[in-house]
**Student:** 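A single structure is presented below for examination.
Counting starts at 1 for both ligands and their atoms, following the listed order.
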Amino acid sequence: MRGSTITGISIDGEALVERLAALASVGAIGDTDGACRLALTGEDRDGRNLVVAWMHDLGMDVSIDGIGNVVGTLAGAEPGPAVMCGSHIDTVRTGGRYDGNLGVLAGLEVVEAVQRSGIITRWPLAVGFFTGEEGSRFAPDMLGSLVYTGGLALEEALDIVGTDGAVVGEELERIGYRGSAPCPSPPPRAFVELHIEQGPILFAESIQIGVVTGVQGISWSEITVAGQSNHAGTTPMAMRRDAGLAAARVAAFVHDLAGEFGPPQVATVGRLELHPNLVNVVASDAVLTVDLRNTDEALLLEAEARLAAFLEDLAAGTGTGITTRRLARFAPVEFDPEMVARVERVAGELGLSHRRLCSGAGHDAQMFAPVCPTAMVFVPSWEGISHNPAEHTEPEHLEAGANVLLRVMLELAEVVEVRS
Ligand code: HGY
Ligand code: MN
Ligand code: MN
């Protein structure tokens with residue numbers, strides 16, 4: 001029964017594309033395909049409400065925990081830890097419609113296909129979306145899944161202050177998603193996340209499925225530079241304590257450091273705010289972020305040490321005060337080899353081209369890897385573009401990835417009956 005049943009059902013690809021479009025209309029960015037739903041904003045609330053309504057329509061039991069993670073569960077023949085899939089529905093400010101959303105909405109299509117086929121699984125099936133995965137407003141990234149899996153205490157997470165001064169706990173109350181389900185949650189039986197690659201590899205090699213072996217290490221820091229505002233016309237260069245100059249040198253340094261280390265080292269200054277940010281005033285203050293990533297923990301530590309040493313010299317050389325605050329730090333993660341092999345086998349059985357690769361982006365799955373068998377499935381990003389409203393994945397790739405997710409989840413949840 002197991003084999004023939006599992007091979008007999010598939011995802012409704014059109015329904016998946018329609019759900020993605022409907023969710024993308026919440027916080028739509030002009031007439032682009034993208035959406036802006038920063039964590040715990042009104043747009044995030046509206047997106048959450050839409051997905052929760054879909055979960056209810058599917059007859060799923062919906063639970064909301066203390067950090068606002070939402071998990072919909074379809075009962076199995078036996079009670080017990082669920083086979084869970086999921087991702088996030090919060091976005092960056094220049095969000096595409098697939099980043100995170102695909103992993104959640106494909107999970108709903110898995111449930112829909114199971115119900116349509118009359119399949120009863122031994123273990124429950126669950127679909128989750130986790131709070132604040134992007135980390136753009138409230139750092140660290142993967143905040144909700146980090147709390148869900150016990151990596152950060154709920155009380156500490158609720159006190160986090162965002163880039164706009166808002167506080168996580170207050171924003172959860174404001175949008176009505178400070179739930180009562182306990183944090184951390186008991187681990188699921190397994191966790192599988194379908195996600196777009198967000199990089200150029202699968203697209204460049206015309207490969208349909210990415211079999212994700214792990215996630216590279218992530219180091220986020222916020223650097224504050226204190227100088228002295230002064231007149232841009234009258235102040236001799238030697239007298240300046242120019243925070244703008246210091247910030248620009250940091251951006252150049254981390255870029256050059258990545259070049260010196262070579263791939264896979266990457267480095268980004270993504271946020272940079274100057275004060276008073278005026279054409280004729282030497283900047284007194286700068287706040288900037290540095291995002292360093294590498295698959296090798298030792299190299300990531302070396303990059304962090306090189307940056308710290310550079311900042312010390314920079315402060316002395318520019319007469320500024322420089323302080324650093326850690327926003328996020330996650331070591332590289334490897335997924336369960338058996339789960340990786342399962343994804344690889346299923347992709348092959350479905351006749352899909354596939355290859356193994358490590359994820360350059362952070363994902364909720366990396367938080368589940370220490371607590372349960374975990375895997376990720378990638379589908380190609382058009383020209384590798386992501387965190388951009390132009391983000392695109394071809395419908396046939398969306399369907400293929402969702403079918404891999406369906407089959408992997410049914411294998412793990414075990415089909416025990418098929419009702420006509
Ligand atoms: O930053 C990341 O890798 C993810 O998009 N949160
Ligand atoms: Mn994502
Ligand atoms: Mn993202």
Side-chain angles (χ1 to χ4, degrees), residues 20 23-24 27 29 33-40 44 47 51 69 85-107 128-146 151-152 160 162-163 191-199 210 212 214-222 264-271 289-295 300 326-333 357-369 376-381 384-393 398 401 405:
L20 284 162
L23 182 54
I29 299 174
D33 277 357
C36 172
R37 296 193 301 274
L38 289 173
L40 308 184
D44 185 23
V51 178
N69 296 317
C85 68
S87 192
H88 60 97
I89 62 171
D90 68 296
T91 74
V92 293
R93 194 180 304 281
T94 53
R97 68 172 52 184
Y98 304 99
D99 177 0
N101 305 313
L102 174 60
V104 179
L105 302 186
F129 62 81
F130 302 94
T131 295
E133 188 277 344
E134 290 296 358
S136 306
R137 186 185 183 204
F138 299 107
D141 50 350
M142 287 75 75
L143 177 61
S145 48
L146 185 64
L152 180 68
I160 288 173
T163 53
F191 185 82
V192 191
E193 182 171 4
L194 170 64
H195 205 287
I196 54 172
E197 178 200 340
Q198 298 183 285
V212 187
V215 180
Q216 69 176 340
I218 301 173
S219 164
W220 284 2
S221 50
E222 179 185 76
Q265 180 67 49
V266 288
T268 312
V269 169
R271 179 158 67 92
T289 56
V290 172
D291 177 327
L292 300 171
R293 308 200 194 193
N294 199 305
T295 53
L300 189 54
R326 172 162 284 179
L327 295 178
R329 182 61 167 90
F330 300 117
V333 164
L357 75 171
C358 179
S359 176
H363 297 290
D364 293 305
Q366 72 188 88
M367 301 308 165
F368 283 86
M376 285 194 78
V377 182
F378 273 177
V379 288
S381 292
I385 292 172
S386 182
H387 283 187
N388 181 317
E391 179 182 283
H392 178 71
T393 295
L398 298 171
L405 179 70

**Student:** The Mn ion (ligand 2) to H195: any N/O/S contact under 2.8 Å?
**Tutor:**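 Yes - counting backbone and side chain alike, H195 has an N, O or S atom under 2.8 Å.
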
**Student:** Taking all non-hydrogen atoms of both residues into account, name the closest pair between E391 and Y98 and its distance.
**Tutor:**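 Heavy atoms only, the tightest pair is OE2-N, 2.9 Å.
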
**Student:** How far apart are the closest heavy atoms of I385 and S381, and which atoms are they?
**Tutor:**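 Nearest heavy atoms, I385 then S381: O-CB, 4.0 Å.
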
**Student:** Of the non-hydrogen atoms in H88 and F130, which two are nearest, and what is the gap between them?
**Tutor:**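 Minimum heavy-atom contact is CB-O, 3.8 Å.
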
**Student:** Using the six-membered ring wherever Trp is involved, compare the ring planes of F191 and F368 and label them parallel, tilted or perpendicular (cut-offs 30° and 60°).
**Tutor:**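 Aromatic pair F191/F368 classed parallel.
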
**Student:** List, for ligand 1, each N/O atom that has a protein N/O partner under 3.5 Å away, with both atom names and the distance.
**Tutor:**
| from | atom 1 | to | atom 2 | distance (Å) |
| --- | --- | --- | --- | --- |
| ligand 1 | 1 (O) | R293 | NH2 | 2.8 |
| ligand 1 | 3 (O) | R293 | NH1 | 2.6 |
| ligand 1 | 3 (O) | R293 | NH2 | 3.3 |
| ligand 1 | 3 (O) | G362 | N | 2.7 |
| ligand 1 | 5 (O) | E134 | OE1 | 3.0 |
| ligand 1 | 5 (O) | H387 | NE2 | 3.3 |
| ligand 1 | 6 (N) | E133 | O | 3.4 |
| ligand 1 | 6 (N) | E133 | OE1 | 3.4 |
| ligand 1 | 6 (N) | E133 | OE2 | 3.2 |
| ligand 1 | 6 (N) | E134 | OE1 | 3.4 |

**Student:** When you look at CZ of R93, are more than 12 heavy atoms from neighbouring residues, nucleotides or ligands closer to it than 6.0 Å?
**Tutor:**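 No, because the 6.0 Å sphere around CZ of R93 holds 12 heavy atoms or fewer from other groups.
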
**Student:** Where do L23 and G47 come nearest, in terms of heavy atoms and distance?
**Tutor:**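 Scanning both residues completely, I find the closest heavy atoms to be CD1-CA, 3.8 Å.
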
**Student:** Over all heavy atoms of both residues, which pair between I29 and P389 is shortest? Give the atoms and the distance, please.
**Tutor:**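 Looking at all heavy atoms of both residues, the shortest contact is CD1-CG, 4.0 Å.
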
**Student:** Side chains of S87 and E193: do they bring a donor and an acceptor to under 3.5 Å?
**Tutor:**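 Side-chain D/A pair, S87 to E193: present.
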
**Student:** Run the numbers on D99 and T91 for side chain to side chain contact (heavy atoms under 4.5 Å, CB included), then give the verdict.
**Tutor:** CA-CA 8 Å; D99 177 0; T91 74; over 6 Å; no

**Student:** Which heavy atom of Q198 sits nearest to which heavy atom of S386, and what is that distance?
**Tutor:**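 Here Q198 and S386 meet closest at NE2-OG, 2.8 Å.
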
**Student:** If I only include protein atoms of type N, O or S, how many are less than 2.8 Å from the Mn ion (ligand 3)?
**Tutor:**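 Of the protein's nitrogen, oxygen and sulfur atoms, 4 lie under 2.8 Å from the Mn ion (ligand 3).
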
